[in-house]
Protein chains: 2
Amino acid sequence: MSDVARLAGVHKATASRALNPSTSGRVNAATARRVRAAAEELGFTLNTAARSLRTNRSFTVGVLLPDLTNPLFPPVARGIEEVLTARGYTALLANTDNDEAKERHQFDVLLGRQVDGFIVATAQREHALLEEAHKSRVPIVLLNRCTDQPLFPLVAGDDNTGILFAVRHLLDRGHRSIAHVAGPQDVSTGITRARAFRHAMEIAGISHEQALVVPAQAYTVAAGERATEELLDHHPATTAIVAGNDLIALGALHVLRARGLRCPQDISLVGFNDMQFADEFQPPLTTVHVPHLELGAEAARLLLEQLDSSEESAGGAPVAKTVLFPLHLVVRESTADVADREGGLG
Amino acid sequence: MSDVARLAGVHKATASRALNPSTSGRVNAATARRVRAAAEELGFTLNTAARSLRTNRSFTVGVLLPDLTNPLFPPVARGIEEVLTARGYTALLANTDNDEAKERHQFDVLLGRQVDGFIVATAQREHALLEEAHKSRVPIVLLNRCTDQPLFPLVAGDDNTGILFAVRHLLDRGHRSIAHVAGPQDVSTGITRARAFRHAMEIAGISHEQALVVPAQAYTVAAGERATEELLDHHPATTAIVAGNDLIALGALHVLRARGLRCPQDISLVGFNDMQFADEFQPPLTTVHVPHLELGAEAARLLLEQLDSSEESAGGAPVAKTVLFPLHLVVRESTADVADREGGLG
DNA sequence: CTGAAAGCGCTAACAG
DNA sequence: CTGTTAGCGCTTTCAG
């Protein structure tokens, strides 16, 4: 930078001001231009480590997610990345594998790297780390999952109406023996969707006892398989399943296939998330579409808002705003009328 | 850190030495323990910005990939992340969308963030940016794709034998009119696989003219659709297709379906990569399995090697080592005997 | 509008 | 084995 300054014939402080968009107003336009030209010529790139050291801001955001390999998260990550880079920020992605120790470690590493804030997609209903983090006042936005205590702003899909759409669709198709193979109940989405399911069934006048809910241990294909086995063992009369998410739905699909049950002729199935390639499954999966990219983008926006405001004033704790995105059902080929079911049997 | 030092009753330089694993040997064991205890007590986390500024090393690696949303890359990213974090490094992922300007920008941003090196999965056969980077001697490892000039170490799958397995499988099934819907020809994997295809057909004694190659414009479903349309328009007698990758295969699948051709009864199809959920397609895709996680891990290892050696000595330019991983064919349900084909027609 | 000077938190060379 | 000192490259008062 001294070199740039020398070439432009100014002091390095002036060069610094000229090169920083937020201070370039405080410098003569012609001088600024000269400095920029000099920087260009020398192929100068600003040393962010030095800037961070001085300003105590790294323009870096930590993103905690369970597993990038889960098809949900790549679009989320891209959404985050897009709004962050537009503002000169960079995302540091960290996989936690739903492991508390690993998460803690990643969190500390990210803190060491002076991240300005976090986007957390790994929230459990009870979450020690997040409670501590709340006390230490690090800016955090929750994505998708939230804690039981409303500690932080949250960006998520509107699971309630999502499930409502799914159930209504099955009811419209004449189903009454509908079961919910739910997600894990220690995660907010798991219980929200289960509650929404019970509620939707209740509205339809179906007794609480008939609104079957079998929780899977995790949002995975394997857990979905196990839970579906259990469901079908105990309640073979089930004609339709609402799955906690698409991976669980995939597990259900496997079990149906293994048992010689056809989907949708024998059992209808609705997923949740509309993950990439859900339309390529066998059969193409009817599922609730969640705009993951937008979720990521909005979470990033909310975090930036927080960072901006904490910059201007040490202002009071902002209300934990919640942004719920509208969801819609994508009807494909995994659902059919119950009527079709009787005739279909060979 | 001064606080830690004070609490431990030593100078901050000593504290620094005690806290850094690579220098903690140069300090009294008891003192070191005292310092670590103090650090623990104060919840001290080292400021990496300051360290970077001083040491000129950020323990950060830039990863350039086309698009995290492409199912190939999440496992690659995880592989990279796993070996990097084990050594205290962090990966900075950047999506380029195969856009040269965007890639340049991302590259510069990463340089500004003082990355110690790059893993690049976006190499084109002619690649201006990479040639410049080579001159500037930034440590780089190429992943999957390489430039025509062997500028950097490369980690990739052994595409040649992968394609050979695919072709041999189809030949064994009695196919002779086999076509290759190839990947884009400005990318190394695109031409390598196309060449390997021609070679494998040649070995089988099938004339060069019959070894049909139709290149897709990109490794996408849409491009795969277009290329397959073209192929089937001009060569309806084709009985089997080797696709440049699984996304192209998916495009082919769509076109077959649209034309009322059954896979595998009418046309057999082999993909490449064995991407996540390829086994859930309709039909489950026979494809060449590529160990993406291992590719990422190995690339990270190679880069770390380079970083270690450039640390010890300013040593001469290392030979551009190439690591090719063995690939194998996963036979599923998208391939069948030609014989079955005749009988299958209604 | 620009220059001078201090200092962010850490490490490394040098003494002792 | 430990303390002293200087300085990484930048931003930001404070003067002028």
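Throughout, a chain's letter reflects where its sequence line sits, starting with A, and its residues are numbered from 1.
Contact check, R51(B) against dT11(C): a side-chain N or O comes under 4.0 Å of OP1 or OP2. Between H11(A) and the phosphate of dT2(C), there is no side-chain N or O to OP1/OP2 separation shorter than 4.0 Å. At the phosphate of dT2(D), OP1 or OP2 sits under 4.0 Å from a side-chain N or O atom of T31(B). Under 4.0 angstrom from either OP1 or OP2 of dT11(D) there lies no side-chain N or O belonging to T55(A).
Rounded to an integer number of Å, the gap from M1(B) CE to dC8(C) P is 14 Å. Taking atom CG of L19(B) as the reference point, atom C1' of dT2(D) lies 15 Å away to the nearest angstrom. With rounding to whole Å, R54(B) atom CZ is found 16 Å from dT5(D) atom P. Between L46(A) atom CG and dT11(D) atom C1' there is a gap of 10 Å when expressed in whole angstrom units. Going from atom CG of N47(A) over to atom C1' of dC8(C) covers 13 Å, rounded to whole Å. For the pair Q114(B) CD and dC10(C) P, the computed distance is 18 Å after rounding to whole Å. A straight line from CG of N20(A) to C1' of dC10(D) spans 11 Å, rounded to a whole angstrom. Separating the CZ atom of R26(A) from the C1' atom of dT2(C) is a distance of 13 Å, rounded to the nearest angstrom.
Side-chain contact between E81(A) and L93(B) is absent, with no heavy atoms from C-beta onward closer than 4.5 Å. Within the 4.5 Å cutoff, no side-chain heavy atoms of E131(B) are placed close to those of T147(B).
Across all strands, S16(A) comes closer than 4.0 Å to base atoms (heavy-atom distances).
Aromatic ring orientation, F152(B) versus H134(B): perpendicular (interplanar angle above 60°, classes split at 30° and 60°).
Side chain of S58(B) to main chain of S52(B): no donor-acceptor pair is present (N/O by atom type, distance under 3.5 Å, no hydrogens or angles). A donor-acceptor contact shorter than 3.5 Å links the side chain of N70(A) to the backbone of L72(A).
Position along DNA chain D of the nearest nucleotide to A32(B) versus A50(A) favours A32(B) as the more 5'-ward residue. Across the interface with DNA chain D, nearest-nucleotide mapping of A29(B) and T45(A) shows A29(B) to be the residue nearer the 5′ end.
Listed nucleotides dA6(D), dG9(D), dT4(D) differ in distance to L53(A); the shortest reach to its side chain belongs to dG9(D).
Under 3.5 Å, the side chain of R17(A) and the base of dG3(C) form at least one donor-acceptor pair of N or O atoms.
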